[in-house]
Each structure stands twice: as C-alpha cells, then as structure tokens.
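Notes to accompany the following structure.
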Amino acid sequence: MRMPKVTALVLLLFCFLLGTAAAAIPEKPTTDIYVQDNAKLLRDSTKAHILELGRELDEKTKAQVVVVTVPTLDDRPISEYANELFRSWGIGDKTLNNGVLLLISQDPRKMRIEVGYGLEGALPDGLTGQIRDEQIVPALHKNDYDEGVLKGYDALVEAVQKEYNVSLDTAMGEEFRQARIDAGNAAFWAEWNGFWDDYGIYFKVGFGIFIALIVILFVWIMINPQT
C-alpha cells in the first residue's frame with residue numbers, strides 16, 4: 001500500500017522539526033568542556049578560573065563540573081534541555097556517571113543544576129537547591145552572572161572534592177575573588193603608571209605654570225594694594 005503524498009509530506013515536516021529541535025542543543029566541544037559561554041555572559045577571568053579548577057578536579061577525580069550558558073531555550077523546559085545536553089555531551093566519567101551541569105539561560109533567565117547518578121549522594125536535591133537559592137539566584141537578580149556562576153561553581157566543586165576526599169591547588173571561593181581583586185588593582189596601577197610615564201611631563205609643566213601665576217598674582221596684589 002502506497003503512502004499518500006500528504007501523509008509523506010507531514011512525516012517529512014515532522015522529521016525536519018525534530019532535527020531542528022535537536023540542533024538547539026550546542027554541539028559538544030572538543031576541548032575546554034568545563035565552560036561553554038554561548039550567551040557571552042561571563043568575563044574572561046571567570047572562564048579562566050572555571051577551566052583551571054575544572055581541569056584539576058577532572059584529573060584528580062574523573063568528575064566533570066561543567067558550566068554552559070545559552071541565549072535561549074527555544075521554548076523548551078529547562079529540565080528537558082539540561083537533561084538532553086547532559087546526556088548528549090556525556091558529562092563526567094562514563095562508568096562513574098559523575099558529571100555535574102550548571103546550565104544558565106539568558107532569555108528566559110533560568111538556571112538548573114543537573115547531577116549524574118554517581119554524585120547524587122554528594123549533591124542531593126537539598127544541597128543543590130541551597131546552592132541555587134543562596135549562591136546563584138541572588139547574583140542573577142542583580143544581573144551579575146559572573147558572581148553567581150563563580151559562587152555556584154565553587155560550591156559544586158567543593159562538594160565533589162569532599163566526596164572524593166581530595167585537595168585542590170587552584171584557589172577557590174573568597175581566596176580566588178580576593179586574588180582577582182588584587183590582580184585588577186595591580187593592572188589599574190600599572191596602567192596609571194604607564195599613563196604618568198607618557199604624560200606626566202605635561203602635568204608637571206602645567207602645575208609649574210599654575211604656581212608661577214599664583215606667585216605673580218600675589219606679588220601684584222602686594223605691590224598694588226587696594227585703597
């Protein structure tokens with residue numbers, strides 16, 4: 001029995017729509033899986049920190065904690081989107097199933113933490129909910145994605161670290177944030193010193209002229225007192 005043309009067209013359209021929906025999931029990266037900022041929400045320093053911390057944790061435990069930002073969910077529930085991304089990327093060790101995904105959507109602004117079976121003991125729903133509500137969501141409400149992602153990521157890594165009883169050399173939490181502040185301050189003063197080296201002579205000449213004018217004005221007043 002031959003398939004009617006209308007039915008065939010409907011099936012082709014359905015397959016096309018399914019392919020389009022699947023394409024909404026970002027392709028798995030070949031390197032640097034630990035952070036994929038598709039929505040361009042994070043600073044370079046934030047991504048560098050996640051890469052360094054994620055690599056060290058992976059090397060010592062085989063666990064992978066991954067951050068992914070996306071511009072949109074394409075009208076899909078974030079739970080469904082996160083689950084499909086988690087499975088299609090194969091986050092974590094295949095045998096241990098010890099991956100963690102922190103997914104953030106820009107529009108609509110939503111986030112979800114997806115945890116592999118192998119880490120559900122270390123990151124139960126209660127703890128991931130606490131991390132979400134106390135570390136991530138308050139920062140997102142201020143449109144500070146960097147703060148939310150950094151605090152959330154560090155908290156997730158800390159839980160995995162304790163589960164495997166390993167210590168990490170990469171700075172975490174307040175230690176890292178203070179180091180970032182110090183680096184920013186150092187960069188500011190280096191830039192200021194460079195500016196002063198280039199243009200300081202003009203300020204010195206201008207200041208000297210200003211002082212000379214003040215002295216001349218003072219002498220003129222002394223010589224020509226008001227009557």
Side-chain angles (χ1 to χ4, degrees), residues 26 29 31-57 65-73 102-111 113 130-158 161 167-227:
T31 59
D32 297 338
I33 190 176
Y34 313 104
V35 56
Q36 292 296 310
D37 185 23
N38 300 289
K40 310 298 182 186
L41 299 176
L42 306 176
R43 290 193 292 263
D44 289 342
S45 59
T46 299
K47 291 183 283 188
H49 171 67
I50 293 173
L51 283 174
E52 185 178 3
L53 193 57
R55 284 174 185 148
E56 184 179 358
L57 184 71
V65 181
V66 175
V67 173
V68 178
T69 72
V70 292
T72 179
L73 297 171
L102 171 55
L103 174 66
I104 295 181
S105 165
Q106 183 179 24
D107 184 21
R109 186 165 59 189
K110 292 184 178 182
M111 60 80 53
I113 299 172
Q130 182 181 353
I131 293 172
R132 176 196 64 214
D133 296 338
E134 296 181 4
Q135 306 294 338
I136 304 175
V137 171
L140 297 189
H141 284 165
K142 299 184 296 183
N143 287 322
D144 193 340
Y145 289 93
D146 288 281
E147 179 184 347
V149 168
L150 283 172
K151 286 185 175 181
Y153 193 84
D154 283 351
L156 293 170
V157 168
E158 184 177 4
Q161 176 186 344
S167 59
L168 303 180
D169 298 326
T170 304
M172 293 175 59
E174 291 302 322
E175 182 182 352
F176 165 74
R177 281 182 276 281
Q178 186 58 50
R180 190 176 65 176
I181 291 171
D182 292 343
N185 290 338
F188 169 80
W189 286 115
E191 184 177 350
W192 170 254
N193 289 334
F195 176 83
W196 185 256
D197 290 340
D198 292 337
Y199 301 102
I201 184 64
Y202 300 108
F203 284 94
K204 293 175 182 178
V205 171
F207 184 73
I209 294 174
F210 174 76
I211 294 298
L213 290 174
I214 293 294
V215 171
I216 291 171
L217 179 61
F218 178 77
V219 172
W220 185 85
I221 292 174
M222 294 297 294
I223 296 175
N224 302 281
Q226 294 182 353
T227 55

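Formation of a donor-acceptor pair under 3.5 Å by the Tyr153 side chain with backbone atoms of Val65 is found in this model. Not one N or O on the side chain of Gln106 forms a donor-acceptor pair closer than 3.5 Å with the backbone of Leu41. No donor-acceptor pair closer than 3.5 Å links the side chain of Arg43 to the backbone N or O of Asp146.
Between the CD atom of Glu52 and the CG atom of Asp169 there is a distance of 9.0 Å, given to the nearest 0.5 Å. To the nearest 0.5 Å, atoms CD1 (Ile50) and CG (Asp37) are separated by 8.5 Å. Interatomic distance, Ile216 CD1 to Ile214 CD1, rounded to the nearest 0.5 Å: 10.0 Å. Taking OG1 of Thr46 as the reference point, atom CG of Leu150 lies at 4.0 Å (rounded to 0.5 Å). Distance CD/Gln161 to CG/Leu168: 4.0 Å, rounded to 0.5 Å.
Open room surrounds NZ on Lys110; 12 or fewer heavy atoms of other groups in view lie less than 6.0 Å from it.
Considering only heavy atoms from C-beta on, Val35 stays 4.5 Å or farther from His49 through its side chain.
Nearest heavy atoms, Ala139 versus Gly148: CB-N, 3.3 Å. Across all non-hydrogen atoms, the minimal contact from Val70 to Pro26 is CG1-CG, 4.0 Å. When all heavy atoms are compared, the tightest approach of Ala39 to Pro71 is CB-N, 3.7 Å.
Evaluation of the salt bridge (Lys or Arg N to Asp or Glu O under 4.0 Å) rule for Glu134 yields no partner, not counting sequence neighbours. Listed by chain and residue number, Asp32 satisfy the salt bridge (Lys or Arg N to Asp or Glu O under 4.0 Å) test with Arg55 (two or more places apart in sequence, or in another chain). Looking at residues two or more places apart in sequence or on another chain, you find no salt bridge (Lys or Arg N to Asp or Glu O under 4.0 Å) involving Lys40.
Test Ile136, Ile131, Leu57 against Leu156 for side chain to side chain contact (heavy atoms under 4.5 Å, CB included) and you get one pass: Ile131.
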For this session: Could you walk me through whether Arg109 and Tyr145 pass side-chain contact (heavy atoms from CB on, under 4.5 Å), step by step?
Result: CA-CA 11 Å; Arg109 186 165 59 189; Tyr145 289 93; 3.3 Å; yes

